[in-house]
Amino acid sequence: MKILCTADLHLGNFSKKIPEKYNIEDFTAEKAWYDIIDIASQNNYDAILICGDILDEDTSTFTSRQILNNGFEKLKDKNIEVVMIPGNHDKSRLSDLLSNTPYSFVHLIGCGCKWQRFDLNGLSIYGFGLDDDLKTNPFKRKLKNEDNKEIKLKIEDDKYIIMIHGDYNANEKDNKYGPFKDSLNGDVINNSIITLIGHTHKKEEKDKYVSLGSPQAFDFGEKGEHGFWTLELDEKLDKVNFCFESFSKVYYELVDADVSDFSDEHSLSSILNENLECKHSLNLYKVNLIGNLSKEKHDKIREEMEENQSAVNGYVAEDVYVSEFIDNIEGVYNLGEMAKQPNAIGVVAEMILSIDDGTFIEKYGDSFVKYKEQSEEYTEPARNGYYDYLDDEELLKFIRKSLIDILPGESDKNE
Ligand SMILES: [Mn+2]
């Protein structure tokens, strides 16, 4: 049996910051959905499993119905079963849309925050969706039996797959959707063939579970590889193959570019060419400029940054673009000397050095947690659910920049 596993399609959404030269229609979730269906039907898959957030919250019911049904039309007579669970963005809309579906190969399970079993040609699938704002552990919820009676979740099948939508990195106290970090090493997951998780949009593979990630990357909150997974089982339902397939039509990356040796001969564009790879069909970069430059050179590189950004959408090379520069260029400091000073400058220099040697979180953990909470709160209104907040690495860079700004500027230095 060959199964295509995916999650978080967010139909109606689309990839952001696509340069003008490209057709935005090629970067929609809708296009990804049709392409995934084509891949499944052209490569003899038996099933498509989708672990929640199939629809985007902001997509109208009308559009959602149209996109879903266009996809299902393509699957008619293909002998491919589609098994879905709702996610926190689908709410009850997905079950409303599918309640009278004429497509007999479409199955929605795990609604109403209850576990539900589905028999996929002899393979048991247990699904749990998040069509309610559940902030407690799904593994502590009940199983809806065939005759609609609720029983405690206890799986007696020898071989089964779990489909779930929720935050596997969080505990109940963290106030996240469907948190189940506590249950990651429990029997239900450990005894599964594989547990498929949707929600985080980020791929992570472990022995018994996999965070599938989203097939199409939407913005810089979704850096790195994005695609779907292929699971192959033999006749005894043993796993013979499970692999990730890169799929997204655009990739977002954050890179550091050291500009310390910037000069008339070694321009910003040559530095960009050295640092930005063309790995995928379209590569969008956020470039974090680091290193030390005199004030004069810093001004010059700023001019070149502006030129790059006013060129068509930050063009660097064929299919390689800079969406945004982050200027973390510093003056010429001797932090080691500064750190010896018995004053505020010494303390600040000491903190910067601890970021550089990777000990900041260990030494200043409490402040880091506070910074993190504030940054999430601050970016929340602009997020619209697109996860465009700073991750730990970006946050550390931001803190470093703030600290550098406290240090006396070049003109104040004793030359
Ligand atoms: Mn979700």
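As the structure lists them, so they are numbered: ligands from 1, and atoms in each ligand from 1.
Within the coordination shell of the Mn ion (ligand 1), defined by N, O or S atoms under 2.8 Å, Asp8 is absent. Here His165 reaches the Mn ion (ligand 1): one of its N/O/S atoms is less than 2.8 Å from the metal. With 2.8 Å as the limit, Thr200 does not count as an N, O or S neighbour of the Mn ion (ligand 1).
Side-chain polar atoms of Asn169 and Thr200 form no donor-acceptor pair below 3.5 angstrom.
For an aromatic pair to be called close, the ring centres must be under 6.0 Å apart, and Tyr321 with Tyr315 satisfies this. Outside the 6.0 Å centre-distance limit, the rings of Phe368 and Tyr364 are not counted as a close aromatic pair.
A cation-pi geometry, defined here as NZ or CZ lying under 6.0 Å from the six-membered ring centre and within 45° of its normal, does not hold between Lys76 and Phe72.
His199 contributes ND1 as its N, O or S atom closest to the Mn ion (ligand 1). Among the heteroatoms counted here (N, O or S) of Asp53, OD2 is the one nearest to the Mn ion (ligand 1).
Between Ile18 and the choices Asp26, Asn23, Leu282, Asn313, the side-chain contact (heavy atoms from CB on, under 4.5 Å) rule is met once, by Leu282.
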